Amino acid sequence: MLHRRIVLAVLLAVAPWAAVAQSGSQTNLQTYFGPPKSDPAMDWVDRIAKSARELPFTGVYVHQTPERVSTSRVTHIVDKSGVEHEKIESLDGPRTEIIRRNDEMFCYQPDRKTIRVDRRMSGRFFPGLITASAKTIAENYRARLGPVERIAGHECQWVVLEPKDAMRYMHKLCSEIGTGLLLRAQMYNDRNQLIEQFMFTQVDVSGNIARQPIKSRYEQLNGWVREQTARAAQNVDAMFQFGNIPAGFRKVVEMSRNLVGRPAPVQHLVFSDGVLNVSVFVESGTGQAVQGVTVVSEDGPTAFTTRAVADSHVTVMGEVPAAAVQAFADGIRRR
Amino acid sequence: MNEKISALMDGELDRDSAAPVIRSLGADAVQRDQWDCYHLIGASLRREAHLSSAARRQAIFDRLAQEPTVLAPNAMARRAAERRTRIALAAAASIVTLSAVAVVALRTQSGTRVAPVELVQKAPPAVLVDNSKARTGAAAPRVNDYLVMHRQFANPAALQPAALVQPRAAGDR
């Protein structure tokens with residue numbers, strides 16, 4: 001009797017581990033024990049997104065791609081009514097200043113005496129690179145914690161986002177321990193080569209930033225040209241079918257843009273997986289059928305492809321593998 | 001000749017002038033060295049730490065030498081073709097400066113040295129344009145304009161994509 005009880009106890013104790021050993025994968029481990037209450041790495045991803053939207057901060061960051069290195073100063077505050085104000089000044093190359101109020105952007109180019117007005121859609125703006133919730137990002141990436149490092153004088157937690165498929169790149173993000181602000185962001189291609197990096201070299205997250213209105217130093221100048229290309233979109237979905245959109249990408253916005261020297265406006269659709277953005281441009285022709293001009297290329301971290309669809313040209317580009325822009329382009333059909 | 005190589009690098013040659021220069025670069029080792037030298041000067045002026053790969057450059061020139069000129073002599077498409085040639089030239093020019101890996105050491109403002117960062121120099125595949133099919137009513141889309149729109153103003157350089165060759169006034173060099 002005693003002997004039997006011992007055998008039973010041993011069996012009970014071993015059974016769960018036997019099941020785990022048999023399945024051998026983390027997914028099954030979770031099925032057996034139930035999903036973890038929270039994913040600490042994904043919690044960091046949420047902090048990264050939240051801090052870029054809500055914190056006052058100012059600093060200087062470097063942006064590196066295989067082609068170039070540029071340095072900018074960024075200042076960000078949130079006013080009493082909850083509106084985000086951000087100013088980004090280029091510190092090398094042609095002088096530019098970007099003033100952002102929520103999604104509204106004004107880009108001042110003193111050398112050209114031009115103000116370009118646009119809406120934030122597809123551009124990647126550091127440190128606000130994460131644009132979706134951790135829940136959405138978890139559909140497409142696995143997150144894990146890396147080491148703690150010191151960056152720009154601050155302790156910083158590395159978080160690695162590994163893509164679940166070949167339609168996106170790996171990201172390594174380093175988040176300031178105290179506030180969660182993203183201090184360094186790296187993007188790696190499928191051969192584990194670094195293809196883009198943003199990094200603060202100096203940053204103030206103390207909150208002691210003067211909450212005076214953020215304005216461009218050029219705002220008072222007269223005689224500037226105002227360029228505004230974006231308008232509300234025409235109904236692109238009625239004309240085109242977007243099949244074969246890679247998993248995890250959702251359409252976030254669509255606009256109609258007027259291009260200098262183009263008779264018809266270009267439709268600009270933006271798809272995002274929460275970290276990466278893909279733009280689809282549809283340029284309608286003159287009604288006659290257009291035959292294929294196929295260009296596939298990459299400019300730094302940006303891949304692009306262009307193809308003819310019925311009487312229109314479709315161009316797809318984004319900071320994604322070439323296979324992903326190809327998949328987008330291949331799935332577009334004229335209705 | 002050196003002036004022409006320099007002009008080619010800057011994207012200042014039109015397609016008719018560029019073709020013989022590229023051909024002679026493909027054939028002449030001395031001129032290729034000159035080309036490398038100019039890129040090295042450019043890279044150091046831009047304070048970039050490129051490690052040039054001679055093997056890669058050779059492969060590119062070999063391929064360029066075999067590449068037929070496929071631009072259609074169509075007046076309507078001429079502007080677009082010109083632009084595409086420039087994209088291709090600029091892409092070719094960047095491939096040459098691109099090495100497999102560049103080690104870019106950044107200095108923080110405080111002066112402490114950050115570990116050198118390996119940043120891959122991803123050579124864009126040469127932009128292949130099949131122009132024989134491009135002679136239709138609609139001109140080819142302008143990828144440069146799209147790059148600017150896609151990147152928005154995310155970084156100042158976004159306003160001047162690598163493929164975009166800025167025309168410069170004479171005597172501006």
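Here is the naming used below: chain letters follow the sequence lines, and residue numbers restart at 1 for every chain. Note that this is a predicted model, so its numbers are computed, not measured.
Taken to the nearest 0.5 Å, the CD atom of A:Glu319 stands 3.5 Å off from the NE2 atom of B:His150. Here the OH-NE2 distance, from B:Tyr146 to A:His313, works out to 8.0 Å after rounding to the nearest 0.5 Å. A distance of 4.0 Å separates CD in B:Gln152 from CE in A:Met105, rounded to the nearest 0.5 Å.
Proximity to chain B (any heavy atom under 4.5 Å) is restricted, for A:Val266, to the side chain, taken from C-beta onward. Within the 4.5 angstrom heavy-atom criterion, only side-chain atoms of A:Arg257, from C-beta onward, approach chain B.
Counting heavy atoms of neighbouring residues, nucleotides and ligands inside a 6.0 Å radius, atom CZ of A:Arg112 exceeds 12 of them. Around atom NZ of A:Lys251, more than 12 heavy atoms belonging to other residues, nucleotides or ligands sit under 6.0 Å away. Counting heavy-atom neighbours within 6.0 Å of A:Arg150 CZ, excluding the residue itself, gives a total of 12 or less.
In plain terms, the two heavy atoms of A:His268 and B:Met149 that are nearest each other are CE1-O, 4.0 Å.
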